[in-house]
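Encoded as structure tokens, the structure appears first; notes follow it.
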Amino acid sequence: IEIGQLAASRVALEIRADGLSPFRVSARNVTAGEAVDLGTIRLTTGMSLHGSVTAGESETPLAGATVRVLRTNSFSPLLAVVRHDWIETQSDETGAFLLQGVLPGPWVVVASAPGRAPLVRTGSGDDTAPVDLGTIPLEQGRTIHVTCEPAARCGTEASIVLANADWMTLSAPLSEGRATVGPVASGSATLRLTNSGAVVHEEKVEVRQTATTEVDVHLHGVDVTGSVVRGGEPVRSGSVAFLSGTTNGKLITIARSSAS
């Protein structure tokens, strides 16, 4: 292989092939026009993960479930999710699955199926023997109906944070203070409301065993009063805006009132 047209910079390289463990070349500085010979690179079979996916309520094998092992990075598993950087397979008619070419070390597996709550498994292994994940039971998904007041302060997105993976959320648009999130597992969960990435509100909720759970959120406001003056004289017209910062550094208007 040959990679050309590289500008002078610090680069890192990862070589991949289906079913084989990736080979990572440490970051190094290259100059314009420099030729770097990496010699012969031999890819190994790496680590393999296997197991089976079942319906949580009946232990019936689930065919066609999606099982992914996220590729490791120096940041969070969320980065792999955002980049769609994973090894993926589907369970067969017996619910069995096999993931090959996994880099030895820590691993994160996410299993999902239509109408089922996703499940995250973590662990660590090496390439000396296949890793048996056993049975992964996927629970029938529940739906959460969120109603938030006042709607203007509730944000634009509602998310459920997975219990054992706070980097992974199930999200839905929040429109006029209402959102429907699912499929989620029953039990304790964290509901998060955000506006342009900034957290507006977060609370613990209990997802019922029934098909749907209603969650009402009431955001309490604070009354801010004062006087607007200019040159020692009251300002009789105009408006006052209350601003709040967001994670991207922009300011958003939370409330606006007329000066009188």
**Fill in**
Contacts satisfying side-chain hydrogen bond (donor to acceptor under 3.5 Å, both in side chains) that involve residues 134-143 (not counting sequence neighbours) are Arg116-Gln140, Glu139-Arg142, Glu139-Ser186, Arg142-Gln209

**Request:** May I ask you to check whether Lys204 and Ser188 show a side-chain donor-acceptor distance below 3.5 Å?
**Result:** no

**Message:** Applying side-chain hydrogen bond (donor to acceptor under 3.5 Å, both in side chains), can you list everything that pairs with Thr210, at least two apart in sequence or on another chain?
**Reply:** none

**Request:** Before giving the answer on side chain to side chain contact (heavy atoms under 4.5 Å, CB included), spell out for His201 and Leu219 the whole-Å C-alpha distance, their side-chain angles and the decisive distance to 0.1 Å.
**Result:** CA-CA 8 Å; His201 176 74; Leu219 301 182; 3.6 Å; yes

**Fill in**
The side-chain hydrogen bond (donor to acceptor under 3.5 Å, both in side chains) partners of Thr72 (sequence neighbours excluded) come to Arg24

**Message:** Looking only at the side chains, is there a donor atom on one of Thr180 and His145 sitting less than 3.5 Å from an acceptor on the other?
**Reply:** yes

**Asked** Taking NZ, NE, NH1 and NH2 as the nitrogens, is one of them in Arg28 or Glu34 under 4.0 Å from a carboxylate oxygen of the other?
**Response** yes

**Request:** Let me see the working for Arg71 and Arg16 under side chain to side chain contact (heavy atoms under 4.5 Å, CB included), right down to the final yes or no.
**Result:** CA-CA 11 Å; Arg71 294 189 186 273; Arg16 301 176 179 179; 3.2 Å; yes

**Results of ring pair (Phe, Tyr, Trp, His ring centres under 6.0 Å) for His84 - residues two or more places apart only** = Trp86

**Message:** For a 4.5 angstrom cut-off between non-hydrogen side-chain atoms, does Gln100 reach Thr45?
**Reply:** no

**Asked** For Leu138, which fellow cluster members are found when Ile, Leu, Val, Met, Phe, Trp and Tyr are connected by side-chain heavy-atom distances below 4.5 angstrom, either directly or through intermediates?
**Response** Met47, Leu49, Val53, Leu62, Val67, Val69, Ile87, Phe97, Leu99, Val102, Trp107, Val109, Leu119, Val131, Leu133, Ile136

**Message:** The criterion is side-chain hydrogen bond (donor to acceptor under 3.5 Å, both in side chains); which residues satisfy it with Ser124, sequence neighbours excluded?
**Reply:** none

